[in-house]
Structures are given as C-alpha cells and as structure tokens.
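Below you'll find the structure, written out as structure tokens, and then a few comments.
Order of the sequence lines fixes the chain letters, A, B, ..., with proteins taken first and strands second; residue numbering starts at 1 for each chain. It should be emphasised that the depicted structure is a prediction, and the values quoted were computed from it without experimental measurement.
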Amino acid sequence: MVRTRFPRDVTKRATPPRVRAAPRPARRRTHGIEPPMRLTQGFIPTIKETPNEAQIASHRLMLRAGLVRQTSAGIYAWLPLGLRVLRNIERIVREEQDASGAQELLMPTIQPAELWRESGRYDDYGAEMLRIQDRHERDMLYGPTNEEMITDLFRQSVRSYRELPKLLYHIQWKFRDEVRPRFGVMRGREFLMKDAYSFDLDHAGAVVSYRKMMLAYMRTFQRLGLKAIPMEADTGPIGGDLSHEFIILAPTGESQVFYDAAFEEIDYLARGAGGFRHDSAADLERFFREMTSHYAATDEKHDTVKWDAVAPERRREGRGIEVGHIFYFGDKYTKAMNATVTGPDGKQVHPEMGSYGIGVSRLVGAVIEASHDDAGIIWPESIAPFRAAILNLKPGDAACDAACAKLYDALGADALYDDREDRAGVKFNDADLMGHPWQLVVGPRGAASGKIELKRRASGERVELTPEDALTRISAGVDRRA
RNA sequence: CGGGGUGUGGCGCAGCCUGGUAGCGCGCCUGUUUUGGGUACAGGAGGUCGUGGGUUCGAGUCCCGCCGCCCCGACCA
C-alpha cells in the first residue's frame, strides 16, 4: 500500500498560484471521453409530437430532441445529447472559475443534519429541504446548498489569516423540494449547480472576492452566447447585505427587465487595455463600477424616474431568466459555526464569506429559450452537443457513403453522422430540431459531381461546395469565445 | 399550499354523458413503393384503460378513496 502525503507547503501558500486566463484548446471537445456518434448506433430518441406535459419551448424541445426524459416531477434523466450540452456548459463554467483563481473540490450530496442545526437553518429552511434518515436513524439531508459544509471544512483546516483568501467551488447536484416544479429543467427539484464560497479576513477582502466572481460570471455568460445583466437583489434566506442576480434575456423569460445598453457593449473577455483582470484590484474596481452604475432592474424594482433619465436610444427592455446569484453575507456562518482564524494581531477573527451560484442545468433550458425557432434548437457554437451533423441522404449509394465517411473521419467526435435509412425530410427535420450549428448535406445529386451542401442552422444559409471547403468553413466559423 | 385540469399501446388523442368483445393518427416490425423537407400501399406486433375498493349478470364507462402529471396563483438557483 502506497501512502501519500500532501506536501505541507501547499496549505501555507498565501495566494493560490496564478492561473492562466481561459484555456482554449484547439479542438473544443477534448475531454477525451466523448466518442464519435452514428445516429443508428446512438441513443438519441427524437419525437415528432410534443408530449402533453411540456408547455414551454425549451422543455418541449429538450424532450423532442432527445436531451432529457422526466422521471418524476422536477427530476430528469440526461440522455447522451443532453449530457453533452450539460458537460459543455460545465466546462466553460469550470474554466472561468479556475481563471478567477477559485479552486475546485467536490462535496457530497448527502449532508448530516448536525451542521444545519449549528447554523440554525435546519429548522429555518422548511419543507424545501429533503430530509432523510439513515439506518441508524441519524438525521441526514440532500443538500440544497453548501454553506454549512464548506464552513465546516474550512474551520477544520484553516488556522491563520495568512492562508486567506480562499475561494472554493464545486459543481454538484442539489435538491430543493419545490412546491411546484415546472418549466422542465429550468425549475426542477434536482438540479446541477456550481456553487462557490469565499473566505476573507475582512470586508475589504470579501468585496474583492465578490467582484472577482462577478467578473467570472459575466465572462461565463458571454462565452455561452448569452446576454446577461447583473441586477441588485434581495438576499433571501441566505442572508447578508450585498447581492446580485444575473438575468439572461429570452423572449419567454419569467420577469420583465429594463436595462441600459451599456451591458451589451462591454466585452468581458477582452484582454489588454479596457479588459478586466481578476488579479488587479483596480480592474475589479472599474469593472464593478461599470456593473453598478448603469440602470438595470426587474419589473418589481423598476424605477420609472431613473428609467426616464436613461437616454431613449440606450433603453433596452425584455424578458429575463435568472441563471445566477451571488451573495456577500459577512460572518453569518463563520460566527454561527465558530470558524475562526488567527489575525495579524494574534486575535481570533471570524472570516467574511460570500457564496456564488450558477444554475448549470437550468442554463441548458435558458440557452434554448434564448435561442430557438419553430424548427428547433439553435445551439451556440460553444456548447453545441455536436458542431456538425452529416446527413447522408442516400445510405448505400457509393458516392454518398464515401463522401460521408470522409467527413466523419475528418470531424471525429465533433460530428453526428445521420446514417439512418430514412427519408431526406426526416433527417432535415431532426437536424434542425437538434440544432447543430452546421449541417453537411450529402446527397446523390451533388455527390456525383463531388459537391456537398453546407447549411448554417442559425441563418438557414446554404452553399454548395467541395467537402474540403466545407470542412474549412466549419473550422473557420468557430468563434472560440462564443 | 389554495384553485383548475388530466391520467386509455412509445407519442398525440377518441370512447365515458346513455355500462355489453378497446379504437384512430403518428411511431415501431415485415414487404413493396418513393428518393433533397416527416412518401404511398399491404400485412403485423404492442394496452392489468393510473391505482384500491364498491355497485352490477357485466365497469374504460357509474360511485368512493388514494396516487401521478400539467396549468394559474403564493414561493424560489
């Protein structure tokens, strides 16, 4: 048995090692776990008619395109196509968390009631918390969030202010027993969430962590192809006095939002002059001022006087879906759970905390709400389950088969090969429904003369060209940021 | 949790009022046909009618209980 020891000095480092900004691999989907896929061999059950329970667009399309299946109210199984999207979103969220200096860990889904009794939330949280007992009749719960557990982990091991700040996150399934689950994965009971927690010595430090996360969020949403607006929010049951929620725009959103066009004009991913760095206090300050100086409000908090002060051509209005929420709440938990570090003056202090959530599974639905048409989903390049679909209009035809094999070979895991023996219309419809950014249409008509058709899902634009040129167009068309 | 709706082959639905051999469309399987936007024809497989009880000679249908799911509202990543 090999014994592993953690190097001592790791915990002594005052600040985490600098992480390079947003790694962007040459090939996007390089987790190495996703195999190429032929439709005849895959498990991608598309359906023609809309299941009766699905009312909103994203829910309907997720069921029809074979992304998910519901197993109970508000609980979903993720099928291969849906899982790819979920993983792609998760990957971008992770890259931006890492880039901000946060460290990933993984906490369990099941938590002991004891921790929640310490913070006082075991009783406060109410019926939304799923409570269970193990065989020894110990009270347990399926975690709806992780403030208590992270605070417990922190207090066990962090002793000195020299080890601060700590910015920790995980991406884990949560359960909140919603009274009324709805809108498919947008308001499920079980959902995948990225939750981060910051620990700082004082208020000033906590504010820096808060701003870092805010920047990470804006970058994340931009990479997902979404227009996100940060809005001041109430802190709710998490408590605290500084909080923002992030609303993305979609025609079917739950609430009306009003905001200044400034939010759309900022490039959060820009480098160099005008860009924002996570490790520069000045940049973070400037960034935070940008985020808070422009008008933004939901209908509940809408202030018509302030709204009238915004130049008319800069007023933007639309429907919004909440996809993230960040909180600063000081020593609420460190005090209740007695987590302390030794300060510079030798006295014990309760670190200041913040928590930061992104609804990863909700984002799958939210992106679809923001990007679809009558025919189906229109995936942004950055999270599409496949970059392209290869439609073999006549399997068995030598020229078609050869052309498809070549394309499939070149694209590998980035392509979904529709090799079904079905009518052309079936394949066109399914490809539109599944929403691949590109469609490579190979039919006997063009194959004879060495041509295929390339269709752009978003615009509907089609061109006839050689397979080589099509492949070039596809890779050239990748916007690595969005 | 209040209000409303609904549950019948994989999906969408009819049948229930007025009890009497469980049907239609799509999908699926076989064959023919068609071949660039869900083709056509023929044959076939597949259903404890959500569930428990009751009424009746007989219940998908009538009565009572329970459960699931959906929508509106209050509540929320």
Side-chain angles (χ1 to χ4, degrees), chain A residues 45-56 59-60 63-64 66 69-75 93 125-129 143-147 171-196 217 233-238 243-248 254-255 300 320-327 355-366 374-376 391-397 400 418 420-433 439-448 451-453 455 460 462 464:
Chain A
T46 58
I47 43 183
K48 207 162 147 184
E49 283 172 282
T50 303
N52 176 263
E53 76 263 21
Q55 298 298 320
I56 65 162
H59 191 193
R60 244 173 11 233
L63 292 172
R64 290 228 292 130
R69 288 287 113 103
Q70 181 173 135
T71 61
S72 308
I75 303 180
V93 168
Y125 217 92
E128 295 235 320
M129 186 153 74
T145 176
N146 285 64
E147 281 83 6
I171 300 173
Q172 177 63 289
W173 292 92
K174 304 290 188 292
F175 195 92
R176 292 184 192 173
D177 201 354
E178 294 280 344
V179 225
R180 190 185 154 209
R182 63 188 122 164
F183 307 142
V185 299
M186 298 232 292
R187 183 72 183 281
R189 291 193 292 172
E190 187 183 56
F191 58 97
L192 187 62
M193 180 163 97
K194 186 288 302 180
D195 41 324
Y217 277 35
D234 293 325
T235 51
I238 299 203
S243 174
H244 283 87
E245 55 186 27
F246 297 79
I247 309 271
I248 64 120
E254 293 178 75
S255 51
E300 297 149 16
I321 300 169
E322 183 184 347
V323 291
H325 205 151
I326 61 179
F327 305 86
S355 74
Y356 316 88
I358 290 181
V360 176
S361 50
R362 169 181 281 194
L363 272 167
V364 179
D374 289 344
L391 309 190
N392 190 341
L393 298 191
K394 193 169 186 182
D397 177 276
C400 287
D418 191 344
R420 292 177 299 179
E421 304 215 12
D422 240 313
R423 301 222 85 214
V426 173
K427 302 182 189 191
F428 290 134
N429 284 321
D430 272 352
D432 285 349
L433 175 64
Q439 291 172 23
L440 292 155
V441 181
V442 181
R445 209 170 62 192
K451 292 285 179 62
I452 63 163
E453 186 180 284
K455 175 178 165 182
R462 310 174 199 210
E464 277 223 336

Closest-nucleotide ordering on RNA chain B, the 5'-leading residue of A:G188 and A:K455: A:K455
Check: A:E322 main-chain N/O paired with A:R362 side-chain donor or acceptor under 3.5 Å: yes
Touch class at under 4.0 angstrom, heavy-atom based, for A:G443 against every strand present: base
Test item: A:R60 side-chain N/O and A:Q55 main-chain N/O as donor-acceptor pair under 3.5 Å: yes
Side chain of A:R180 - closest among B:G73, B:C75, B:G38: B:G73
Nearest to side-chain heavy atoms of A:E453, which nucleotide of B:G36, B:G38, B:A77: B:G36
Touch class at under 4.0 angstrom, heavy-atom based, for A:R462 against every strand present: base
Under 3.5 Å donor-acceptor, A:S243 side chain and A:I326 backbone: yes
Sugar-phosphate, base or nothing in reach of A:D430, heavy atoms under 4.0 Å: base
Donor-acceptor pair under 3.5 Å, A:R423 side chain vs B:G27 base: no
Spacing of the P atoms in B:A59 and B:U21 (rounded, Å): 12 Å
Exam field: side chain A:K194 to backbone A:Y356, donor-acceptor pair closer than 3.5 Å: yes
P atoms of B:U51 and B:C41, separation to the nearest Å: 35 Å
Candidate nucleotides B:A77, B:G38, B:G36, ranked by approach to the side chain of A:R362 - the nearest: B:A77
Closest nucleotide among B:C69, B:A77, B:A74 to the A:H325 side chain: B:A77
Polar pair under 3.5 Å, donor/acceptor by atom type, side chain A:R187, base B:C76: yes
Rounded distance [0.5 Å steps], CD in A:E178 versus CZ in A:R187: 4.0 Å
Nearest-Å distance for atom pair OH/P, residues A:Y125 and B:A77: 8 Å
Rounded distance in Å between the C1' positions of B:C24 and B:G47: 14 Å
Atom pair distance, as rounded to whole Å: CD in A:E190 and C1' in B:C76: 17 Å
Rounded distance in Å - CE (A:M186) to P (B:C71): 12 Å
Side chain of A:F428 (C-beta onward), nearest among B:C71, B:C76, B:G36: B:G36
Upstream residue (5' side of RNA chain B) when A:E245 and A:E464 are each assigned their closest nucleotide: A:E464
Atom C1', compared across B:C69 and B:G12: separation rounded to whole Å: 16 Å
Selection from B:C26, B:A77, B:G36 that lies nearest to any side-chain heavy atom of A:F327: B:A77
Residue pair A:D418 / A:F428, side-chain heavy-atom distance below 4.5 Å: no
Minimum-distance nucleotide to A:D432 side chain [options: B:G37, B:C72, B:G36]: B:G37
Shortest side-chain distance from A:E254, nucleotide among B:C69, B:C76, B:C71: B:C76
Rounded interatomic separation in angstrom, taking CZ from A:R445 and P from B:U34: 19 Å
Pi stacking test for A:F191 and B:A77: under 5.5 Å apart, planes under 30°: yes
Any A:Q70 side-chain nitrogen or oxygen under 4.0 Å from OP1 or OP2 of B:G68: no
Atom-pair distance (CD on A:E421; P on B:U34), nearest Å: 15 Å
Separation of the P atoms in B:G53 and B:U6, to the nearest angstrom: 25 Å
Distance, P atom - from B:C29 to B:G46, rounded to whole angstrom: 16 Å
Taking only N/O atoms, report every protein-nucleotides 6-12 of chain B pair under 3.5 Å with atom names and distance.
from, atom 1, to, atom 2, distance (Å)
B:C11, O2, A:E49, OE1, 3.2
B:G12, OP1, A:N52, N, 2.5

Whole-Å distance separating the CG atom of A:N429 from the C1' atom of B:G27: 15 Å
Shortest non-hydrogen contact from A:P181 toward A:R189: CG-CG, 3.7 Å
Atom pair CG/CD1 of A:L433 and A:I47 - distance to nearest 0.5 Å: 9.0 Å
Separation of atom CH2 in A:W173 from atom P in B:A77, rounded to whole Å: 18 Å
Given B:G36, B:G37, B:C76, the nucleotide with the shortest approach to the side chain of A:R176: B:C76
Stepwise side chain to side chain donor-acceptor pair (under 3.5 Å) test for A:Q439 and A:D432: CA-CA 9 Å; A:Q439 291 172 23; A:D432 285 349; 2.7 Å; yes
Interatomic distance at C1', B:A22 relative to B:U35, whole Å: 38 Å
Identified pairing partner of B:U51, criterion: Watson-Crick or G-U wobble below 3.5 Å: B:G65
Distance, rounded to the nearest Å, where A:F183 contributes CZ and B:C71 contributes C1': 10 Å
Distance, C1' atom - from B:U48 to B:C1, rounded to whole angstrom: 34 Å
Contacts of type salt bridge (charged side-chain N to carboxylate O under 4.0 Å, His left out), residue A:E190, not counting sequence neighbours: none
